[in-house]
Engineer: 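Take this structure, written in structure tokens, and hold onto it; I'll ask about it next.
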Amino acid sequence: MSGNGETMLCEGPLPYPAGTLVRDKISERTGYLTWVLEQRTKRENRLVASQAFLRPPGGGIEWDVPLERIVRVEEPER
């Protein structure tokens, strides 16, 4: 997300419940959804970008990916 002084960062709505296993459609990497960060214009409150923050299964370092690139991983039926 690039900032030019005319945008602000705020927490955004989650597309799935926190803790849902999701996959990045580009990298194929999976992780648990933790939160979403939005970049919005200060004047019009227009959405510029959204980043999803993911935690890897089994622990590790959280990473972010553009929100539009994540999809829910369907749990295999038992």
Engineer: Enter the distance from Leu21:CG to Arg55:CZ here, rounded to the nearest 0.5 Å.
Structural biologist: 10.0 Å

Engineer: For the hydrophobic clusters of this structure (ILVMFWY residues joined by side-chain heavy atoms under 4.5 Å, transitively), does one cluster hold both Leu14 and Tyr32?
Structural biologist: no

Engineer: Using side-chain hydrogen bond (donor to acceptor under 3.5 Å, both in side chains) as the criterion, list what pairs up with Thr20, not counting sequence neighbours.
Structural biologist: none

Engineer: Rounded to the nearest 0.5 Å, what separates atom CD in Gln51 from atom CZ in Arg69?
Structural biologist: 8.5 Å

Engineer: In sequence, state the C-alpha distance, the side-chain angles, and the governing distance for Leu9 and Glu38, and then conclude on side-chain contact (heavy atoms from CB on, under 4.5 Å).
Structural biologist: CA-CA 6 Å; Leu9 298 176; Glu38 292 182 337; over 6 Å; no

Engineer: Please round to the nearest 0.5 Å and tell me the distance separating atom CD of Glu11 and atom CZ of Phe53.
Structural biologist: 10.5 Å

Engineer: Between Arg29 and Ile61, which heavy-atom pair has the shortest distance, and what is it?
Structural biologist: NH2-O, 4.5 Å

Engineer: Run the numbers on Thr34 and Leu54 for side-chain contact (heavy atoms from CB on, under 4.5 Å), then give the verdict.
Structural biologist: CA-CA 6 Å; Thr34 58; Leu54 311 176; over 6 Å; no

Engineer: Between Thr41 and Arg46 (side chain of the first, backbone of the second, donor and acceptor by atom type, cut-off under 3.5 Å), is there such a pair?
Structural biologist: yes

Engineer: Which pair of heavy atoms, one from Leu67 and one from Ala52, lies closest together, and at what distance?
Structural biologist: CD1-CB, 3.9 Å

Engineer: Minimum heavy-atom separation for Val22 to Arg72, with atom names?
Structural biologist: CG1-CA, 4.1 Å

Engineer: For the residue pair Arg40 and Cys10, what are the closest heavy atoms and their distance?
Structural biologist: CD-SG, 3.9 Å

Engineer: Would you name the heavy atoms of Pro15 and Val36 that are closest together and state the gap between them?
Structural biologist: CD-CG2, 4.1 Å

Engineer: What is the minimum heavy-atom distance between Trp35 and Glu62, and which atoms define it?
Structural biologist: NE1-OE1, 4.0 Å

Engineer: To the nearest 0.5 Å, what is the distance between CD1 (Ile70) and CG (Asp24)?
Structural biologist: 9.0 Å

Engineer: Tell me, do Asn45 and Met8 make a side-chain contact under 4.5 Å, heavy atoms counted?
Structural biologist: yes

Engineer: Any carboxylate oxygen within less than 4.0 angstrom of a Lys/Arg side-chain nitrogen, looking at Arg43 and Glu6?
Structural biologist: no

